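Down below is the structure, laid out as structure tokens.
Reminder, nothing fancy here: chain letters follow the sequence lines and each chain counts from 1. None of these values were measured; they are calculated from a predicted model.
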Amino acid sequence: MSVTFKSLETILDQYPPNPEHLISALQDVQAKFSYIPKEAMTAVCDHLGVPVSRGWAVATFYKAFSLEPKGEHEISVCLGTACHVRGARNVYEKFRRDLAIPGEEGTTKDLKFTLRQVRCLGCCSMAPVAQIDEEVHGGLSQRKAGTLLKQFRKR
Amino acid sequence: MQIKTLEDMQTAKKLGLAQLYPDKPKILVGMATCGLAAGAQKVFDLFQRKAQHEHWDGVVEKTGCIGFCYKEPLVDFILPDKPRLTYEQVTPDVAEELWSEISAGKIPEKHFLARLDIDDPILDGGPRKLYKGKLKGFLAKAPRYEDLDFFKLQRHLAMRNCGFVDPDNILHYIARGGYFALYKALTEMAPEEVIEAVTVAGLRGRGGGGFPTGVKWASCRKAQGWPKYVLCNADEGDPGAYMDRSLIEGDPHAILEGMLIGAYAIGSSEGYVYVRAEYPLAVKTLQRSILAAREAGLLGENIFGTGFSFDIKLNLGGGAFVCGESTALMASIEGKPGEPRAKYVHTVDKGLWNRPSNLNNVETWANVPLIIAKGADWYRDIGTEGSKGTKIFSLVGQVKNVGLVEVPMGISIKDMVNLIGGGVPETKEFKAIQIGGPSGGCIPRELWDLPIDFDSLWDAGAIMGSGGMIVMDDSTCMVDVAKFFLDFLIDESCGKCIPCRLGLKRMREILEEFSTGKGTVADLDELQSLAEAVKDGSLCALGGSAPNPVLSTLRYFREEYEAHVLRRKCPAAVCKELITYSINQELCNGCTACVQECPQGAITGEKKKPHQLNAALCIKCGACHEVCKFKAVEVF
């Protein structure tokens, strides 16, 4: 989605011009564009009366914000303790190999998938788990991870 | 409806009770995140569709999680004059079967988990027997909740409504005695008396620190400054703990009522709940419950006509573990990066926007209405000398019965793992239990008679923390666990002070040497002294407790560290540089499962003949080990 004045306006309208709303406004921007575009950052900071440097400090501090566009499907593999002791690392590596992500986390070249690690989705009883978009998948193995990817490639 | 008087409360209670126990059958589906992950939505939809199509005279409702997470999806049948019946692992197919029987007026016997004869809402007047007369046939022999090992030692106080009420229905909460404690506090007690009750009850903070709640409230009440803030910490970042999520998703009004009582005691009119954005359902549930409480007049101006006013705002976290720390959390609410500050001045004096602020965790707030309704002495009788009441633990990892467990303080680790947890699966051996998250420690089998309370755990080098309990068996490598927690903490360190920012990195480097077989005995000593330096020198509690996983594993599992250093071996076969995979030629029957799974093409062989593994190509991903059904893939 391109960053239009209109789409930003609907977000900014909800917030009175007060620095305390910086994180909430950026969360809305993140939800709308799947990342924080430069133009949006400037607009949010201008509106709230915050220096842009502070905006970037917040955006780089919290894990919830991404400075790059995300893929169509977001895969969050839980690497919390319960998942770790049940072999989540190997499952994560399987996703990484199959998606050919060069770094630890990242987005595929075709912008189809973004792979990232999270520490605890709070579904420890189903460990190891991964969340793909809104769905949580439990009891994963390397083989199940491969099957899931195949299903999502077709969607 | 607007609630202003005691009569209004009684009316609401009557309405609620009629919904909780209707004079027609009711189907209840557990729909917290754990239930949903297991497929509860499909089950709920199926029951609803069937009920509509067949014009069934009954109710289909959702509820929170009762704690039996590994049996999810859970479905309950509440039939007039019958015990409550719980069914386990109800997939859509099973639901279809259950429906055909229950809609025909029969009681299904398959997938039965337990029956509940007596419902004890704790807050409200005492236990209520759900049927008259004697049970016959299948029901008479069916196990009761208290017969199950998982439930025997449990006592659900904070979780009193989880799995019983629809979290989105405020009438259900009132029907089980909810908001009556608030009424009592506002109309019969002075603020000081409320604080006195919480102090005498011995309630200690459930978020990790274990600080006496009453003492905190008293200091905040005395503090100079206006306005004062009452905050709820729902930033459950501790990996392996999910009781706060479950409480919010199962019984949000208990938390709101606790905050209201706290606000009255402290003299505050504004509150915040700081909740993790990673918990979308918890966020929605909180939003809805705040709206419902406002509509009922239980949040807002002039509550119960007493002149007391209080309202709550919701604030979403940005995904930073350190924001569970009080000063970081407050910085985050102010819209800043969540960096902690030194606490020479306490947050009860100068917290959010430099005003007096009182922060308690979700579970702590949920305990408050109990103390006010039942009295401090009732509460004091539960638990141990120094740790009163119950605590919710998330019992997870290598254990059969995983789930949320609420027990009186003082139960032993052994009972927790072996009785409630049903032991470790298959042929494995219990090795250690990790308590308290990244700030906690690993406690070995030798100490498993240790009672679980704030002080015993502290002495053993762990902490209660928020109550995550990860059971580990002999397939877990302690060096790897220490590395895992350090990775987490390095990621989450805010970087403000040097001991935490650089000390943890250096500790991680030493552990890397161990797990790649390059460590020396001198490194072991350096690791120990560095860990102690980080502990003493860090600014906030995150850094101060960060070395705990290393220190506790060094204390109890030194041999395992030495095996990595002296023998270059990983006894648990986890550290990749120190292990090799091979195929046992006698056990392999040539099924080719591993050949197909290996991403490297490192395994070759024909059908029905033992396969060969080329160690030079192997990346030790473990895919072959996972798919082999004959235990022919060996790791040494």
Side-chain angles (χ1 to χ4, degrees), chain A residues 18-28 30-31 48 50 54-55 57-65 76 78-91 93-94 97-98 117-127 129 131 134-139 141-146, chain B residues 33-34 36-38 69-70 72 236-242 245-246 276-280 282 315-321 323 332-339 394 396-398 402-404 434 437-438 468 470-473 475-476 481 484-485 488 491-492 494 597 599 621-623 626-627:
Chain A
N18 189 332
E20 68 174 280
H21 301 297
L22 179 58
I23 294 175
S24 315
L26 288 180
Q27 273 166 341
D28 289 352
Q30 172 77 38
L48 300 177
V50 187
R54 165 100 171 269
V58 163
T60 50
F61 184 86
Y62 294 101
K63 257 198 144 167
F65 303 118
S76 309
C78 181
L79 292 180
T81 324
C83 289
H84 180 80
V85 303
R86 286 198 178 183
R89 189 76 227 181
N90 283 343
V91 172
E93 290 302 324
K94 165 79 178 170
R97 275 199 309 275
D98 282 12
Q117 311 173 349
V118 291
R119 257 71 176 242
C120 207
L121 292 165
C123 294
C124 312
S125 52
M126 330 255 314
V129 298
Q131 184 174 343
E134 295 276 291
E135 298 166 21
V136 177
H137 300 269
S141 58
Q142 295 193 45
R143 187 177 253 187
K144 270 194 189 169
Chain B
T33 299
C34 43
L36 290 175
C69 302
Y70 79 109
E72 296 274 12
E236 191 175 43
D238 189 350
Y242 61 103
R245 171 182 71 62
S246 197
R276 278 184 97 193
E278 285 93 332
Y279 288 169
N315 217 294
L316 298 198
F321 175 69
C323 285
S332 183
I333 293 182
E334 293 173 13
K336 298 177 190 154
E339 287 175 3
S394 59
V396 294
Q398 304 288 19
V402 280
L404 284 185
Q434 206 281 340
I470 293 101
V471 179
M472 296 168 177
D473 63 18
S475 67
T476 311
V481 166
F484 165 80
F485 281 118
F488 178 88
D491 246 20
E492 298 295 346
C494 76
E597 208 64 33
C621 69
E626 181 191 296
V627 292

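Without hydrogens or angle criteria, A:Gln131 side chain to A:Leu121 main chain gives no donor-acceptor distance under 3.5 Å. Remark: the backbone N or O of A:Val85 is paired with a side-chain donor or acceptor of B:Gln398 at under 3.5 angstrom. Judged purely by atom type and a 3.5 angstrom limit, A:Tyr62 has no side-chain atom pairing as donor or acceptor with the backbone of A:Ile23. A donor-acceptor pair is defined here as one N or O able to donate and one able to accept, closer than 3.5 Å; such a pair exists between the side chain of A:Lys144 and the backbone of A:Gly139. Side-chain atoms of B:Ser332 do not come within 3.5 Å of backbone N or O of B:Cys323 as any donor-acceptor pair. Side-chain atoms of A:Gln142 do not come within 3.5 Å of backbone N or O of B:Val627 as any donor-acceptor pair.
For a residue to count as touching a neighbouring chain, one of its non-hydrogen atoms must lie under 4.5 Å from one of that chain's; by this rule B:Ala282 does not touch chain A. Proximity to chain A (any heavy atom under 4.5 Å) is shown, for B:Leu316, by both the backbone and the side chain. With a 4.5 angstrom heavy-atom cutoff, A:Arg119 touches chain B via backbone and side-chain atoms both. Heavy-atom distances place both the backbone and the side chain of B:Cys494 under 4.5 Å from chain A. For B:Ile333, the part lying under 4.5 angstrom from a heavy atom of chain A is the backbone only. For B:Tyr279, the part lying near chain A is the side chain, with the backbone staying farther off; criterion is any non-hydrogen pair under 4.5 Å. Contacts of B:Glu334 with chain A are made by backbone atoms alone, with heavy-atom separations under 4.5 Å and no side-chain atom involved. Residue B:Glu236: no heavy atom, backbone or side chain, is found under 4.5 Å from chain A. For B:Asp491, the part sitting under 4.5 Å from any heavy atom of chain A is the side chain, from C-beta outward, and nothing else. Of the atoms belonging to A:Arg54, it is side-chain heavy atoms, and not backbone ones, that fall under 4.5 Å from chain B. Looking at B:Ser394, there are no atoms closer than 4.5 Å to chain A (heavy atoms on both sides), in backbone or side chain. With a threshold of 4.5 angstrom between heavy atoms, A:Ala57 approaches chain B through its backbone and through its side chain.
Taking A:Leu26, A:Leu48, A:Val58, A:Val50 one by one and counting their heavy-atom pairs under 4.5 Å with chain B, the maximum is reached by A:Val58. Interface summary for chain B: among A:Ser141, A:Gly122, A:Ala25, A:Gly80, the most heavy-atom pairs under 4.5 angstrom belong to A:Gly122. Highest contact tally toward chain B, considering only A:Gln27, A:Glu93, A:Met126, is held by A:Gln27 [criterion: heavy-atom pairs under 4.5 Å]. In terms of heavy-atom pairs under 4.5 Å with chain B, the best-connected choice from A:Asn90, A:Thr81, A:Asp98 is A:Thr81. Among B:Ala320, B:Cys621, B:Ala623, B:Gly622, the residue with the largest count of heavy-atom pairs under 4.5 Å with chain A is B:Cys621. Among the candidates B:Ala37, B:Gly338, B:Ala277, B:Gly319, the residue making the largest number of heavy-atom pairs closer than 4.5 Å to chain A is B:Gly338. Annotation: maximal heavy-atom pairing with chain A below 4.5 Å, among B:Glu339, B:Glu278, B:Met472, B:Lys336, occurs at B:Lys336.
Counting heavy atoms from C-beta outward, B:Thr476 and B:Val481 have side chains that approach closer than 4.5 Å. Annotation: side chain of B:Cys34 is not in contact with side chain of A:Cys123 (no heavy-atom distance under 4.5 Å). The shortest distance between side-chain heavy atoms of A:Cys83 and A:Val129 falls below 4.5 Å.
Minimum interatomic distance between B:Ile470 and B:Gly240 (heavy atoms only, all atoms of both residues): CD1-CA, 4.2 Å.
The line from NE2 of A:His84 to SG of A:Cys120 is 14.0 Å long, rounded to the nearest 0.5 Å.
Relative to the ring axis of B:Tyr242, B:Arg245 does not place its NZ or CZ within 45° and under 6.0 Å from the centre.
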